[in-house]
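Working notes for the structure below.
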Amino acid sequence: MLSRRAKLLFYACASPAMRLNGVLYRHFRRPSPESFVRSHLGPGQRKYLPGWINIDANIFTSKRDVWADLRNPLPFPDDSVDAFYSHHMVEHLPDLAGHFRELYRCLKPGGAFRVTGPNGDMAIRKFIDADASWFGEYPDRRTSVGGRLDNFILCRGEHIAILTESYLKELVVSAGFRDPTFPLVARETSHPDLFDEVLETEAEEAGPEAFPKTIVAEGVKPS
């Protein structure tokens, strides 16, 4: 894992170029208004989705279609995208409210998003239960339940937000979405026509007994 300092230096140097690239894409390379458009935000090295517009800031190792900083406005016109998907990405963003407003702006009426991230509700529950075995040892080897909670929630400062169902619902509703849903775990969706093909990439146990490490939020822009 790159140090937080190295990443901040990269973004400081590359952010103007990424902003310009996003603007150029939005105005000159965007799909036609009649196209069926799905965008994957933050695929990284191994989560590239064929047939989707994959957007990532990592110019060195990610597989992507558009090089853009997801802290900036998304590189799409208003009402132009059918679906957005991101997996364990939004917890890294400094302005979550602004990001959900961007999802709303870019989605076509009736379009949907699926956002996942570290399950803050379950992490707090397992910390209170003193269940250190639920937590992993990434990014640092910790033996105490408090140390493992720190790993899970903060990830050496990489994570900026704690994602809980109540907080995500507040963000989603404030952005303009109505009646968000929170599927039980990864690999479940309320919109199989849009997201079925991404579910197998969300490697996690399923079922109510799994105590999921991933929280999932989905929502639809009103028609």
Side-chain angles (χ1 to χ4, degrees), residues 4 7-8 11-12 14-16 18-23 25-26 37-44 53-58 66-124 152-183 186 189-191 194-195 198 202 213-223:
R4 179 78 176 154
K7 288 189 176 182
L8 289 174
Y11 277 102
S15 188
M18 286 191 282
R19 181 181 288 273
L20 176 61
N21 197 51
V23 170
Y25 182 88
R26 177 175 175 177
V37 179
R38 293 185 295 179
S39 181
H40 182 195
L41 306 178
I53 299 173
N54 296 264
I55 302 176
D56 205 292
N58 187 338
V66 183
W67 181 49
D69 185 350
L70 293 170
R71 300 176 303 174
N72 295 331
L74 295 172
F76 298 103
D78 297 358
D79 305 325
S80 63
V81 179
D82 293 276
F84 280 111
Y85 171 66
S86 66
H87 184 61
H88 285 258
M89 185 280 291
V90 297
E91 67 272 14
H92 299 270
L93 299 179
D95 182 10
L96 272 181
H99 181 71
F100 278 97
R101 287 194 298 268
E102 278 295 289
L103 297 182
Y104 187 91
R105 176 185 69 80
C106 296
L107 281 171
K108 299 174 183 177
F113 73 85
R114 177 180 177 86
V115 166
T116 81
N119 191 332
D121 289 312
M122 192 62 67
I124 293 167
F152 187 87
I153 295 294
L154 299 179
C155 195
R156 285 192 199 161
E158 291 295 316
H159 296 173
I160 299 173
I162 301 174
L163 303 181
T164 63
E165 182 172 326
S166 63
Y167 182 35
L168 284 169
K169 185 172 184 179
E170 175 188 344
L171 292 166
V172 169
V173 171
S174 295
F177 296 99
R178 293 293 179 265
D179 302 320
T181 58
F182 296 86
T189 179
S190 301
H191 307 282
L194 296 173
F195 301 117
V198 310
E202 299 176 355
K213 294 181 173 64
T214 295
I215 191 169
V216 179
E218 294 183 340
V220 177
K221 182 173 180 176
S223 300

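Everything numeric in this text was worked out from a predicted model, so none of it was measured.
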Below 4.5 Å, heavy atoms only, C-beta onward: do [X] and [Y] meet side chain to side chain?
| X | Y | answer |
| --- | --- | --- |
| Phe152 | Pro118 | yes |
| Asp79 | Lys221 | yes |
| His88 | Thr116 | yes |
| Glu158 | His92 | yes |
| Leu96 | Leu163 | yes |
| Ile53 | Tyr25 | yes |
| Tyr104 | Pro222 | yes |
| Ser15 | Asn72 | yes |

From [atom1] ([X]) to [atom2] ([Y]), nearest 0.5 Å:
| X | Y | atom1 | atom2 | value |
| --- | --- | --- | --- | --- |
| Asp78 | Glu102 | CG | CD | 8.5 Å |
| Met18 | Ile55 | CE | CD1 | 12.5 Å |
| Tyr85 | Leu41 | OH | CG | 10.5 Å |
| Asp121 | Ile162 | CG | CD1 | 10.5 Å |
| Arg101 | His99 | CZ | NE2 | 11.5 Å |
| Arg114 | His87 | CZ | NE2 | 9.0 Å |

**Request:** Mind running side-chain contact (heavy atoms from CB on, under 4.5 Å) on Ile215 and Tyr167 for me, showing each step along the way?
**Result:** CA-CA 11 Å; Ile215 191 169; Tyr167 182 35; over 6 Å; no
Shortest non-hydrogen separation from [X] to [Y] and the atoms involved:
| X | Y | result |
| --- | --- | --- |
| Pro180 | Lys169 | CG-CG, 4.0 Å |
| Pro109 | Ser223 | CB-CA, 3.8 Å |
| Arg71 | Leu93 | CG-CD2, 4.1 Å |
| Pro73 | Arg19 | CD-NH1, 4.0 Å |
| Cys106 | Leu74 | SG-CB, 3.9 Å |
| Gly42 | Leu70 | N-CD1, 3.8 Å |

**Message:** Please check: side-chain N/O of Arg156 versus main-chain N/O of Leu154, any donor-acceptor pairing under 3.5 Å?
**Reply:**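 No.
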**Asked** When you measure from the side chain of Asn54 to the backbone N and O of His40, does any donor-acceptor pair fall under 3.5 Å?
**Response**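 No, because the side chain of Asn54 does not come within donor-acceptor range (under 3.5 Å) of the backbone of His40.
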**Message:** Would Val115 and Leu103 count as a side-chain contact (heavy atoms from CB on, under 4.5 Å) here? Give the steps.
**Reply:** CA-CA 11 Å; Val115 166; Leu103 297 182; 4.3 Å; yes
**Message:** Ring-plane angle category for Phe177 and Phe113, please: parallel below 30°, perpendicular beyond 60°, tilted otherwise.
**Reply:**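 It falls in the perpendicular class, over 60°.
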**Heavy atoms from other residues, nucleotides or ligands near NZ of Lys108 exceed 12 (cutoff 6.0 Å)** =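 Buried by this count: over 12 neighbours within 6.0 Å.
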